[in-house]
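Shown next, in C-alpha cells, is the structure this report addresses.
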There are 2 protein chains.
Amino acid sequence: MAHSQAAKAQTHERILRVAAERLRQTGIDRLSIADLMKEAGLTVGGFYKHFRSRDDLVVEALGSVLGGWERELDESPTEPDEHYFPGLVERYLSEDHRDNPGTGCPIGALVGDVGRSSEPTRELYTKQIRRNIRLLARLLGDSSSPPRRQQAILAYSAMLGAIALSRAVSDQPLSTEILASVKELLVKDASRGPQKKTAKTADAVLTRHRRRATRRNQEKT
Amino acid sequence: MAHSQAAKAQTHERILRVAAERLRQTGIDRLSIADLMKEAGLTVGGFYKHFRSRDDLVVEALGSVLGGWERELDESPTEPDEHYFPGLVERYLSEDHRDNPGTGCPIGALVGDVGRSSEPTRELYTKQIRRNIRLLARLLGDSSSPPRRQQAILAYSAMLGAIALSRAVSDQPLSTEILASVKELLVKDASRGPQKKTAKTADAVLTRHRRRATRRNQEKT
DNA sequence: ATTATCTATAGATCTATAGATAATGC
DNA sequence: ATTATCTATAGATCTATAGATAATGC
C-alpha cells in the first residue's frame with residue numbers, strides 16, 4: 001500500500017485540489033475530512049500524515065488556490081490597459097462563474113467565511129485582495145479624478161457583491177439582471193475616460209474578450 | 001417550571017433574537033442549539049417544543065430579522081430623496097457596522113452562506129433583496145441614464161462587497177480605506193444630479209440617522 | 001389535564017490517534 | 001528500517017427524542 005515519496009507528493013496535491021474545490025462549494029465549515037479523503041480516493045487515517053490539523057489543511061488549500069490565481073494575474077498587463085478590464089469583468093460576472101463556484105474565484109466564494117476565520121486565513125486573503133485592487137487600479141488606466149485606486153476598490157466591491165447576490169437569489173431572472181447591470185455599468189464607467197468610445201467599440205472589445213475567456217475556460221477542462 | 005403561554009411566547013421571541021444575532025456572528029453552520037439555548041437561559045430539551053428542527057429555526061430567525069429591517073424600510077421615503085441616500089450609505093459602510101455584524105444587516109453578514117442554503121432561506125433573501133433594490137432605486141431619484149434601477153443594483157452590490165471585504169481583511173487601514181472609498185464614490189455619484197449638494201447637508205442627514213440607529217440599539221438592550 | 005421546561009440519552013458525525021499492513025529505499 | 005496508507009476506534013459534539021417535573025388553566 002505504501003507508495004513512493006513521489007506518489008505521496010502527488011497525493012498531497014490531489015487532496016489540496018479536492019479540498020480547494022469543496023471549500024468553495026460548501027463553505028469552510030462544511031468540509032469533512034472523511035468526505036474529502038474519500039473523494040480523493042483515500043481513507044481518513046492517511047489525512048494526518050499530510051496535514052497537522054483540519055485548520056492547517058484549510059490554510060494550505062486556500063493558499064494554494066490563491067497562489068494559482070496570483071500566477072495567472074502576473075501574466076496580466078503591467079501597463080494601464082482598458083481592453084483587458086471589460087473582459088475581466090465580463091468573465092467574472094458571467095453565469096458560468098456564478099454557477100460554478102467550486103472552480104471560480106476563491107475570494108468571491110468565501111469572503112464572508114473568511115471574515116469569521118482564523119488569522120492565518122485572513123492574512124492570506126488580505127494579501128490577495130490588496131494585489132487584486134492594485135491590479136484593477138493599473139488596468140483602469142487614465143482616470144485621475146476619482147483616483148484610479150478608489151475606482152478600483154469600488155469596481156472590486158461591486159464585482160464581489162454582485163456575484164454573491166447572484167448566487168444567493170433563487171430567482172434566475174433577477175440573478176441574471178444583477179450580473180448584467182453591474183457588468184454594464186462597470187464597463188461603461190471604465191470607458192468614460194478622455195478618449196470617448198462609442199457603445200459599438202466597447203461591444204467589439206467585449207466580444208473579443210469573451211472569445212478569449214471562452215478559450216481559456218476550454219483550456220482548463 | 002412550566003410557565004404560562006404568554007411566557008412561552010416571550011421565550012420563543014428570546015430564542016429567535018439570540019439566534020438571529022448568533023447567526024450573523026458565526027454564520028449559519030456554526031450555530032449550535034445547546035449554545036443557543038444556554039445563551040437564552042434555557043436547556044437543549046426545550047428547543048423542540050418551539051421549533052420542529054434546526055433548519056426551521058434558521059428560517060424563522062432570519063425571517064424575523066429581515067422582517068424587522070423591512071418594517072424599518074417602510075418608514076423610509078416613498079419619493080425620490082437624495083438626502084436619505086448618503087446617510088444610508090454612510091451608516092452601512094461605517095466601522096461600527098463592520099465591527100458589529102451580530103446586530104447589523106443580515107444580508108451583508110450572510111449573503112455568502114445563503115448562496116449555499118436551502119430553498120426557503122434563499123426565497124426569504126430574494127424577497128428582501130428585491131425590496132432593497134427597489135428602495136435604493138427610489139432614493140436615487142432623478143438620474144435616467146443610466147437607469148435608476150441599474151444604478152441601484154451597482155450601489156447595492158458595492159455596499160455588500162465592501163462590507164464583506166472590510167470584515168475579511170485583517171489590516172485595519174486597508175479595511176477602512178475600502179469602506180471610505182466606496183462610501184465616497186457612491187455618495188458623489190448620487191449627488192452628481194441636477195441639484196448639487198454641499199458636504200454639510202449630507203452630514204446633517206447622517207447625524208440624524210445615526211442618532212436614530214443609536215436609540216434603536218439602546219431599546220434593544 | 002395540559003404543557004413549558006428540564007434531565008438524560010440515543011444515534012449520527014466529526015476530528016484526531018493508535019496500531020496494522022505492505023511497499024519503498026537505504 | 002522506514003513510511004504511505006489502511007482499519008479501527010476514542011472522545012467530543014451535535015441534532016433530536018423520551019420521560020420526568022412542576023406550574024398553568026379549564
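A, B, ... follow the sequence lines: proteins, then strands. Residue 1 opens every chain. Atoms considered below: every heavy atom in the structure, side chains included; atoms not considered: hydrogens, waters and symmetry mates.
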(message) If you define the side chain from C-beta out and look only at heavy atoms, does anything of B:L135 sit under 4.5 Å from B:Y84?
(response) no
(message) What is the distance, to the nearest angstrom, from the NZ atom on A:K38 to the P atom on C:dC14?
(response) 10 Å
(message) Give me each pair satisfying side-chain hydrogen bond (donor to acceptor under 3.5 Å, both in side chains) with a member in residues 39-49 of chain B, each pair once, sequence neighbours excluded.
(response) B:R22-B:E39
(message) Categorize B:L31 for me: base, sugar-phosphate, or nothing, with a 4.0 angstrom heavy-atom threshold over every strand shown.
(response) sugar-phosphate
(request) Kindly give the heavy-atom pair with the smallest separation between B:I28 and B:S117, and that separation in Å. (result) CD1-OG, 3.6 Å
(request) Would you mind reading off the distance between A:L36 atom CG and C:dT13 atom P, rounded to a whole angstrom? (result) 17 Å
(message) Between A:T11 and D:dT5, is there a contact of a side-chain N or O with OP1 or OP2 at under 4.0 Å?
(response) yes
(message) Quick one: does any side-chain atom of A:R131 pair with a main-chain N or O of A:T126 as donor and acceptor, under 3.5 Å?
(response) no
(message) Can you measure A:M37 atom CE to C:dT15 atom P for me and round it to whole angstrom units?
(response) 12 Å
Contacts under 3.5 angstrom, residues 56-65 of chain B side chains, donor-acceptor by atom type, not counting sequence neighbours:
unit_1	atom_1	unit_2	atom_2	d
B:E60	OE2	B:H12	NE2	2.6
B:S64	OG	B:A61	O	3.3

(message) Using every non-hydrogen atom in the two residues, find where A:L165 and B:S157 come nearest and quote the distance to one decimal.
(response) CD1-OG, 3.9 Å
(request) Return each pair, listed once, that meets side-chain hydrogen bond (donor to acceptor under 3.5 Å, both in side chains) where at least one residue sits in residues 173-183 of chain A; pairs must be two or more places apart or across chains. (result) A:R98-A:S175, A:E177-B:R149
(request) Can you tell me the distance, in whole Å, between the CZ atom of B:F51 and the P atom of D:dT15? (result) 14 Å
(request) Check every atom of C:dG25, C:dT5, D:dC14 against the side chain of B:H50 and return the nucleotide holding the closest atom. (result) C:dT5
(message) Run the side chain to side chain contact (heavy atoms under 4.5 Å, CB included) test against A:S94 and tell me which residues pass, sequence neighbours left out.
(response) A:D96, A:H97
(request) Can you sort out the partners of B:A34 under side chain to side chain contact (heavy atoms under 4.5 Å, CB included), two or more places apart, ordered by chain and number? (result) B:S32, B:V44
(message) Give the residues of residues 115-122 of chain A touching DNA chain D, defined as any heavy atom closer than 4.0 Å, sorted by residue number.
(response) none
(message) Heavy atoms only, 4.0 Å cut-off, all strands: where does A:T43 land among base, sugar-phosphate and nothing?
(response) base
(message) Given D:dT5, C:dC14, D:dG25, identify the nucleotide with an atom nearest to the side chain of A:D35.
(response) C:dC14
(request) Not counting sequence neighbours, which residues clear salt bridge (charged side-chain N to carboxylate O under 4.0 Å, His left out) with A:D55? List them please. (result) none
(request) Just jot down the side chain to side chain contact (heavy atoms under 4.5 Å, CB included) partners of B:N132, sequence neighbours excluded, or say none. (result) B:L73, B:I107, B:Q128, B:Y156
(message) Just to be sure I understand the rule, does A:K8 reach a base, reach only the sugar-phosphate, or reach nothing, if contact means heavy atoms closer than 4.0 Å?
(response) sugar-phosphate
(message) Please report the distance, rounded to the nearest Å, between CD in B:Q10 and C1' in C:dA4.
(response) 14 Å
(message) Show me the dot-bracket string of DNA chain C, counting Watson-Crick or G-U pairs under 3.5 Å, with | for pairs to another strand and [ ] for crossing ones.
(response) ||||||||||||||||||||||||..
(message) Quick check for you: to the nearest 0.5 Å, what is the distance between B:I178 atom CD1 and B:D171 atom CG?
(response) 9.0 Å
(request) With the side chain counted from C-beta on, respond yes when A:S170 and B:Y125 share a heavy-atom pair under 4.5 Å apart, and no when they do not. (result) no
(request) Starting from P on D:dC14, measure out to CD1 on B:I28 and report it in whole angstrom. (result) 17 Å
Protein-nucleotides 16-18 of chain D N/O pairs under 3.5 Å:
unit_1	atom_1	unit_2	atom_2	d
D:dA16	OP2	B:Y48	OH	2.8
D:dA16	OP2	B:R54	N	2.9
D:dA16	O5'	B:Y48	OH	3.4

(request) Mind checking side chain to side chain contact (heavy atoms under 4.5 Å, CB included) for B:R30 and listing every partner two or more places apart, or none if nothing turns up? (result) A:D29, A:R116, B:T26
(request) Check DNA chain C against residues 12-27 of chain A and give the residues with a non-hydrogen atom under 4.0 Å, in numerical order. (result) none
(message) Rounding to an integer number of Å, can you tell me how far A:R30 CZ sits from C:dC14 P?
(response) 12 Å
(message) Pick the closest DNA chain C nucleotide for A:A34 and for A:K49 by heavy atoms, then say which residue is nearer the 5' end.
(response) A:A34
